[in-house]
Q: 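Have a look at the structure that comes next, please.
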Number of protein chains: 2
Amino acid sequence: MIRVNSTDIQFHETWDVLVIGSGFAGLAAAIEAHKAGASVLVIEKMKSTGGNSRLSDGGIAAPETDIQKKYGFEDSRELFYKDIIHSGLALNHPDLVKVVVDNAKEVFEWTRDDLGVPYLDRIDIFGGHSVHRCYTAANITGGTIINKQLERLKEYGVELRKATQFQEYILDETGGITGAKIKAGYDAMDPGAGADALLRIRKGIVLAAGGYGADVEFRRQHDPRLGASIDTTNKSSATAEALKETLRIGAMPVQLSSIQLGPWGSPDEKGYGHGPMFSEYIVFPYGMIIDPETGRRFVNELSDRKRLSDKILDREHPCIGIADSTAVAGSGWDIGKAVKSGVVRVFGTMEQLCGFYSIPPGSLKETVALFNEGVVKGVDTAFGKPVIEKAAQFLKAPFYAIRLWPKVHHVSGGVGINTNAQVIDLDQKPIPGLFAAGEICGGIHGANRLGSCAITECLVFGRIAGRNAAQNIR
Amino acid sequence: MIRVNSTDIQFHETWDVLVIGSGFAGLAAAIEAHKAGASVLVIEKMKSTGGNSRLSDGGIAAPETDIQKKYGFEDSRELFYKDIIHSGLALNHPDLVKVVVDNAKEVFEWTRDDLGVPYLDRIDIFGGHSVHRCYTAANITGGTIINKQLERLKEYGVELRKATQFQEYILDETGGITGAKIKAGYDAMDPGAGADALLRIRKGIVLAAGGYGADVEFRRQHDPRLGASIDTTNKSSATAEALKETLRIGAMPVQLSSIQLGPWGSPDEKGYGHGPMFSEYIVFPYGMIIDPETGRRFVNELSDRKRLSDKILDREHPCIGIADSTAVAGSGWDIGKAVKSGVVRVFGTMEQLCGFYSIPPGSLKETVALFNEGVVKGVDTAFGKPVIEKAAQFLKAPFYAIRLWPKVHHVSGGVGINTNAQVIDLDQKPIPGLFAAGEICGGIHGANRLGSCAITECLVFGRIAGRNAAQNIR
């Protein structure tokens with residue numbers, strides 16, 4: 001950080017609000033800050049916008065919506081709250097979760113009805129949710145939402161600078177934010193490139209720089225299991241430098257070891273890849289996961305991500321997710337890309353599947369018989385997975401399979417914030433002029449984020465942060 | 001913190017090494033720093049020495065000792081390592097655990113054979129250990145060890161100032177430690193009391209200020225379940241101010257949400273009290289825990305502390321620990337104080353016990369029958385608790401019982417250190433001149449500390465920190 005008296009620094013530019021990061025949270029903040037009358041600059045360190053938000057499936061959770069009504073699902077904010085806390089093993093900060101839950105419906109409608117984000121005409125349930133409450137943006141990508149946010153900012157004439165990295169905070173004598181040092185022409189491959197500039201920030205900085213899922217050295221301090229041998233679904237730019245700079249000025253670190261693994265990852269492709277859609281939308285709700293050594297199920301496939309990942313890691317080798325053709329067809333998803341890339345394999349018979357993965361065929365036959373019995377009875381006696389109405393018995397060739405091994409997907413730890421999205425210091429007092437939203441914040445998801453809640457949370461707190469920065473709340 | 005050029009500050013005193021805190025770790029550091037030729041000052045914020053170390057039962061774990069040989073227990077450093085990692089849910093920093101494990105035997109012998117700490121002639125096993133490897137200081141208190149450490153420091157003529165609080169680091173232009181601001185005449189009840197002094201520290205500061213188990217506001221950020229309604233076994237002085245000051249100079253925060261609950265705590269007394277000895281030394285190994293609503297066991301009573309605490313909290317009401325007179329007599333422990341204080345209650349018949357706690361008598365009878373069957377067979381089919389040879393069937397009145405409800409006992413999170421006990425910064429580089437040991441360090445115990453490993457770890461890293469500070473390792 002740089003500490004200054006108000007007179008002893010020559011700023012190159014002046015803005016009301018600086019937003020660091022161009023994902024869901026940053027763009028939402030920029031929109032609201034502009035609407036509140038502030039002059040706004042958005043900086044993005046990469047050469048393209050959207051960061052990890054563009055990699056997401058674009059699934060957003062919200063309770064009490066018109067779509068739930070249309071499809072006949074009863075839900076409530078109370079139930080959504082309960083599911084988030086259960087998934088987070090009760091380490092979630094209750095006041096922050098309440099803000100997300102209370103604003104989820106409104107923020108979903110805002111994307112659809114105000115920004116004009118198109119959504120698929122469907123509603124899904126993911127592991128850990130008690131009810132169908134997840135809506136998926138068209139083209140099954142967060143990019144659909146990001147593009148609509150960018151369109152709106154363009155209409156507003158808000159400036160967004162790519163390849164521009166946040167470097168340091170500039171603090172006044174009281175420890176409040178008075179500016180930022182940034183680097184234009186940033187290039188992750190060439191540390192020497194670029195030119196520094198000092199910005200005076202009159203009202204507030206919104207920190208929306210994302211998580212540290214790809215920062216192997218930093219994440220290992222917090223969970224030493226997650227060395228370089230564990231892959232990540234994140235972009236390589238998901239590193240901790242802005243978070244560290246914020247901790248250096250005395251921000252409260254919150255639950256930095258809450259690092260989420262995606263149980264739907266496959267070791268047969270790099271990064272997020274094509275497999276997770278098959279795992280999450282088809283295998284987990286309608287198919288099953290087996291240990292290839294035993295041919296048996298070992299877990300409720302609709303467990304939340306932490307329980308599911310931990311159970312798979314416990315086996316000490318990749319496990320096999322399987323679905324039959326009825327499940328694939330019934331899901332309505334196109335898994336052509338996943339099959340073409342080879343990460344999902346297709347087998348004409350159960351014997352071929354067993355042969356390929358060295359599964360004891362007798363055991364798998366028994367596992368399938370038990371599974372089918374559960375579908376008929378409507379109850380999964382062994383593992384308590386909710387049997388979904390449209391699930392069919394597991395019988396019909398061809399069979400589809402994927403190898404599963406967890407990947408670092410999301411971090412739930414970060415800097416502490418209060419319900420105003422103000423970053424708090426080690427004594428839990430707001431740092432004047434500093435706001436944060438999105439993955440760089442800690443405490444909302446506790447030990448484990450419930451799937452499809454990240455977009456909700458990024459947008460809810462992004463909007464709050466943008467408004468409060470523009471209003472210069474202290 | 002205060003940043004200075006070497007010339008612009010007037011120091012009041014000069015020392016080679018400053019040790020902050022007078023518990024196991026701080027005193028071990030002071031002894032070694034003196035032996036290495038340094039001038040050493042120890043400061044303790046409270047009016048008495050020893051902090052939480054004095055409250056401990058004085059149990060220290062070490063593998064491959066002569067006492068294990070004497071009692072016929074086979075053990076190894078590898079097995080000890082495995083137990084620590086298993087208890088910590090593999091969040092432990094492997095390199096730090098290795099240092100503890102490799103030095104455990106030596107440090108235990110050092111206390112006994114060099115410092116002259118008297119130990120009881122017995123060896124115990126606690127939940128999560130695979131084998132008996134825990135030795136208990138005479139009088140069953142950490143104070144026995146602390147007193148021997150203090151004696152040695154007195155022989156050496158090392159100065160120890162009570163009621164003297166660490167306030168701030170003084171850093172040189174490079175960010176290295178050059179001194180400290182302290183307050184003499186500190187009084188926790190009177191914030192205005194005392195006088196500041198600036199110390200020049202030529203070689204190093206050893207931070208051994210303990211944990212934040214009694215700091216409700218700070219611990220709630222990291223585990224929001226642990227508000228004021230959860231009691232703690234710690235002294236009220238176990239607060240976070242020295243830790244926060246260290247984070248303010250850019251130290252790496254590690255696993256601050258790893259806050260351990262003691263499953264042996266009773267809601268019928270404040271603080272640590274008299275009950276835990278009965279719970280841990282008698283009920284857990286030789287008796288059983290039941291849910292009073294069902295009259296059934298629900299857990300392996302020799303599970304590690306996290307699993308056991310979580311299982312009790314899951315019941316949402318205090319549970320009952322029970323032992324019979326055979327177990328109490330066979331244990332060799334005197335539970336007179338616990339009975340006298342009323343936290344352990346004695347019942348002449350099983351019916352009286354059931355009546356007092358509203359336990360369904362039929363269920364408890366079945367539970368006892370199953371328990372006895374397990375003792376006879378030598379295997380606990382239901383929960384997999386190791387059946388200990390001297391465990392007897394559960395039959396003989398009087399029956400002893402305690403209500404159990406977890407208390408905050410120990411924090412495993414803190415500042416990051418490396419194997420030299422150097423405090424690391426956010427980029428994992430040592431902060432020049434700053435060392436740490438004991439409960440203020442994070443990463444050794446991972447998600448959950450294995451019982452009786454804290455004294456081992458405090459002494460091992462305390463000695464390393466003291467030596468390295470005196471040698472001015474950078």
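Every chain is numbered from 1, with letters handed out A, B, ... down the list of sequences.
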Q: Go through the atoms of A/Asp310 and report whether side chain, backbone, both or neither lie under 4.5 Å from a heavy atom of chain B.
A: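 Interface part for A/Asp310: neither.
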Q: Could you tell me whether the side chain of B/Arg305 reaches within less than 4.5 Å of the side chain of B/His409, counting heavy atoms only?
A: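 Yes, close enough: below the 4.5 Å cut-off.
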Q: Which answer fits A/Leu256, side chain, backbone, both or neither, if we ask what part of it has an atom under 4.5 Å from a heavy atom of chain B?
A: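 Interface part for A/Leu256: side chain.
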Q: Which members of residues 94-102 of chain B, sorted by number, sit under 4.5 angstrom from chain A on a heavy-atom basis?
A: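 So far as heavy atoms go, B/Pro94 are the residues that approach chain A to under 4.5 Å.
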Q: Enumerate by number any residue of residues 416-429 of chain B whose heavy atoms lie under 4.5 Å from heavy atoms of chain A; in the absence of such residues, state 'none'.
A: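 Within residues 416-429 of chain B, the residues under 4.5 Å from chain A are B/Ile424, B/Leu426, B/Asp427, B/Gln428.
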Q: I need the single residue from A/Asn234, A/Val216, A/Asp215 that forms a side-chain contact (heavy atoms from CB on, under 4.5 Å) with A/Thr239. Which is it?
A: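 Exactly one pass, corresponding to A/Asp215.
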Q: Over all heavy atoms of both residues, which pair between B/Ile312 and B/Pro263 is shortest? Give the atoms and the distance, please.
A: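 Reported closest heavy-atom pair: CD1-O, 3.8 Å.
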Q: Looking only at non-hydrogen atoms, find the nearest pair between A/Ala465 and A/Ala437 and report the distance.
A: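 Where A/Ala465 meets A/Ala437 most closely, the heavy atoms are CB-CB, 4.3 Å.
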Q: When heavy-atom pairs shorter than 4.5 Å are enumerated against chain A, which of B/Gln221, B/Met252, B/Lys244, B/His93 gives the highest number?
A: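 That would be B/Gln221.
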Q: How far apart are the closest heavy atoms of B/Ser257 and A/Ser257, and which atoms are they?
A: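 Scanning both residues completely, I find the closest heavy atoms to be OG-OG, 4.2 Å.
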Q: Taking C-beta and beyond as the side chain, do B/Arg219 and B/Thr232 meet within less than 4.5 Å on heavy atoms?
A: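 Heavy-atom side-chain distance check passes, below 4.5 Å.
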Q: With a 4.5 angstrom heavy-atom cut-off, which part of B/Glu217 approaches chain A: side chain, backbone, both or neither?
A: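 Interface part for B/Glu217: both.
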Q: State which residue, out of B/Ile259, B/Leu261, B/Asp223, fulfils the side-chain contact (heavy atoms from CB on, under 4.5 Å) condition with B/Ile230.
A: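 The residue from B/Ile259, B/Leu261, B/Asp223 that satisfies side-chain contact (heavy atoms from CB on, under 4.5 Å) with B/Ile230 turns out to be B/Leu261.
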Q: Will you find, in the side chains of A/Ser412 and A/Lys306, an N or O donor that is under 3.5 Å from an N or O acceptor?
A: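 There is no such pair between these side chains.
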Q: Do NZ/NE/NH1/NH2 and the carboxylate oxygens of A/Arg449 and A/Glu457 come within less than 4.0 Å?
A: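 Salt bridge flag = no for A/Glu457 with A/Arg449.
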